[in-house]
Amino acid sequence: MNQHRALAKEILDAVGGASNINSFTNCITRLRINLVDRSIIDEARIKSTKGVMGVVDDETYQIVLGPGTVKKVADELTSLIESGEGSETIAPKPINSQAKGQDIKTELKKKNNTPFKNFLRKIGNIFIPLIPALVGAGLINGIAGLLANLMQTGFSPEWMVTLQPIVSVIGSAFFLYLTVFAGVNAAKEFGGTPSLGGAVSAIIIAPSVANISYTYPLIGEITLSPGQGGIIGAIFAAILISYMEKWVRKHVPTAIDIIVTPTIALLVVGLITIFAFMPLAGVISQGIGTATTWLLAHGGPLSGFVLAASFLPLVMFGLHQALIPIHAELITQFGFTALLPILAMAGAGQVGAAIAIYMKLNHNKSMRNLIKGVLPVGFLGIGEPLIYGVSLPLGRPFITACIGGGFGGAVLGLYAMSANFIGSMAIGPSGLVLVPLVTGPLGIGASIVGYLLGLVASYIGGFLLTYFFGFTKELLLEHNKDTD
């Protein structure tokens, strides 16, 4: 049995077998499992399994496995379930844990189970399946940009002149149709037919909408353009067609459902999209781009500091999902999102704090061993093990880590103040893994340097604040003990 299949088998047994799994999927780092009964999972076994970097108990049970590994484990899990292995396994109920981090996660989960936050999770889930394509297309776009820059310097051999536009098409095609992909996933997430979500979203980017104009009283003439409304308009339209489809299906005979339901749903929502969603979402989308650039350009280091320092608390309260469509909209408008690199500084602050904790708790062998195990993946932008296993259970170091991350945000805010935004061509990665996706008005090379300066500032800020202010005498006495 290969290592990925063995890991998948261990996870399958620990969550209670195939009979305890409703469904599962994966994002760039996490295996996300929708469980039948969460009370029977053996979380201690999962956490101690080699290859598992941490768990996040949210709307879905999320097991952090890291880039690359997670997809292979998900494929093996599919194979195990289809073959019938583990279908009768029932895991024992876990022993109550005294870990403060787990207690905090459980309490936060209860607070986050509200209709508004569940809606935000659905919005976030629209984009999670798109992350691999966003990353791949973004990197290829970066390569195309590098080739174009080389050609502008005069180095333009014939093979490069031929190759550059080809690479550019491969990298940019996905972003041209991102609204359609978002519409497909939005319809699926809200219980509609994915193809109808894609069909109504395709209206927004159809070239022929340029021929449409109409007049509203008091507002005047409205002329549409392809792409107007963007991602936000696509999500509006896909959500509405999902509900419209279900409503129509309830009122038509089954014999003609396949003909009548999609036709009426697409026609009605298509008209609403053209006459309402496209102009309205166009204003909202433009406003998001204008507001974001204004905030960063005028707020500068202060805006960057506040955004980076407050990001992880937003994550804990489930509010970060609202930022995902904003990132996507900024990428659509400008080719990059200047928000993501700033928010990525939050994780870098946790890295610096973990190093400080390692040095301060020099007698706590258990904590030091944990930090040695998870620190490398922290540098790569996988922060959950550091947050839930190291800083959050200690309490105060989590706060100093967040503030430390703010210093990296301030560095990127300083760049933004002169309109030299440090941006990312895709969403999903952070930490050092984000480096190949960094771009901006300064060009790829200088933008990467700016991003790395931000990371270093966050590492140093998180370290110094945690080392000097992260522990009271009582906290140090409590945790700096030989645990072996």
Inset, instruction - Look at the side chain of Ser156 and the backbone N and O of Val161, then say whether any donor-acceptor pair between them is shorter than 3.5 Å. - result: no

Inset, instruction - Tell me, with the steps shown, if Val351 and Phe463 meet side chain to side chain contact (heavy atoms under 4.5 Å, CB included). - result: CA-CA 8 Å; Val351 170; Phe463 174 84; over 6 Å; no

Legend entry - Donor-acceptor contact below 3.5 Å, side chain Thr293 vs main chain Thr290: yes

Inset, instruction - For the residue pair Ile222 and Thr215, establish whether any side-chain heavy-atom pair is separated by less than 4.5 Å. - result: no

Inset, instruction - May I ask you to test the Leu196-Val200 pair for a side-chain heavy-atom distance under 4.5 Å? - result: no

Inset, instruction - Hey, could you give me the SG/CG distance between Cys402 and Leu314, rounded to the nearest 0.5 Å? - result: 10.0 Å

Inset, instruction - Report yes or no: does Gln228 contribute a side-chain atom to a donor-acceptor pair with the main-chain N or O of Ser225 at less than 3.5 Å? - result: yes

Inset, instruction - Please work out whether the ring planes of Phe407 and Phe305 are parallel, tilted or perpendicular, with thresholds of 30° and 60°. - result: perpendicular

Inset, instruction - Give, for atom CD of Glu221 and atom OH of Tyr216, the distance between the pair rounded to the nearest 0.5 Å. - result: 13.0 Å

Inset, instruction - Evaluate the side-chain proximity of Val36 to Ile21: yes if any heavy-atom separation is below 4.5 Å, no if none is. - result: no

Legend entry - Short side-chain to backbone donor-acceptor contact, Asn26 and Leu31, under 3.5 Å: no

Legend entry - Donor-acceptor side-chain pairing of Glu245 and Thr193 below 3.5 angstrom: yes

Inset, instruction - For the pair Ser213 (side chain) and Thr223 (backbone), establish whether a donor and an acceptor sit closer than 3.5 Å, ignoring hydrogens and angles. - result: no

Legend entry - Validation row: Leu465, Ile399 side chains within 4.5 angstrom (heavy atoms): no

Inset, instruction - Establish, yes or no, whether the cationic atom of Lys122 lies under 6.0 Å from the six-membered ring centre of Phe119 and within 45° of the ring axis. - result: no

Legend entry - From Leu130 atom CG to Ile427 atom CD1, the distance as rounded to the nearest 0.5 Å: 7.5 Å

Legend entry - Student check: side-chain heavy atoms of Ile342 and Leu296 closer than 4.5 Å: yes

Legend entry - Student check: side-chain heavy atoms of Pro341 and Tyr451 closer than 4.5 Å: yes

Legend entry - Backbone of Ala281 reached by a side-chain donor or acceptor of Ser285 within 3.5 Å: yes

Legend entry - side chain to side chain contact (heavy atoms under 4.5 Å, CB included) between Thr25 and Asn125, intermediate numbers included: CA-CA 11 Å; Thr25 185; Asn125 289 341; over 6 Å; no

Legend entry - Backbone of Pro397 reached by a side-chain donor or acceptor of Thr400 within 3.5 Å: yes

Inset, instruction - Taking the six-membered ring for Trp and the full ring for Phe, Tyr or His, determine whether the centres of Phe334 and Phe421 are under 6.0 Å apart. - result: no

Legend entry - Backbone N/O of Ala74 and side chain of Thr78: donor-acceptor pair under 3.5 Å: yes

Legend entry - CG on Asp257 to CZ on Arg249, rounded to 0.5 Å: 4.5 Å

Inset, instruction - Could you tell me whether the side chain of Val390 reaches within less than 4.5 Å of the side chain of Phe398, counting heavy atoms only? - result: no

Legend entry - Among Leu65, Leu80, Ile41, side chain to side chain contact (heavy atoms under 4.5 Å, CB included) partner for Ile11: Leu65

Inset, instruction - Please determine, by modelled atom types, if Tyr61 and Glu43 share a side-chain donor-acceptor pair under 3.5 angstrom. - result: yes

Legend entry - Sub-4.5 Å side-chain heavy-atom contact between Leu340 and Thr337: yes

Inset, instruction - Any chance you could measure Thr179, atom OG1, to Glu329, atom CD, to the nearest 0.5 Å? - result: 10.0 Å

Inset, instruction - Please say whether more than 12 non-hydrogen atoms of neighbouring residues, nucleotides or ligands are located less than 6.0 Å from OH in Tyr177. - result: no

Inset, instruction - Check the angle between the aromatic planes of Phe275 and Tyr214 and answer parallel, tilted or perpendicular using the 30° and 60° thresholds. - result: tilted

Legend entry - Reported CG-to-CD1 distance for the pair Leu178 and Ile205, which is rounded to 0.5 angstrom: 9.5 Å

Legend entry - Short side-chain to backbone donor-acceptor contact, Ser424 and Ala426, under 3.5 Å: yes

Legend entry - Check: Thr60 side chain, Arg32 main-chain N or O, donor-acceptor pair, under 3.5 Å: no

Legend entry - Criterion salt bridge (charged side-chain N to carboxylate O under 4.0 Å, His left out) on Lys72 and Glu76, from CA distance to verdict: CA-CA 6 Å; Lys72 294 175 182 177; Glu76 293 293 348; over 6 Å; no

Inset, instruction - Let me see the working for Lys47 and Val55 under side chain to side chain contact (heavy atoms under 4.5 Å, CB included), right down to the final yes or no. - result: CA-CA 7 Å; Lys47 287 182 176 180; Val55 298; 3.5 Å; yes

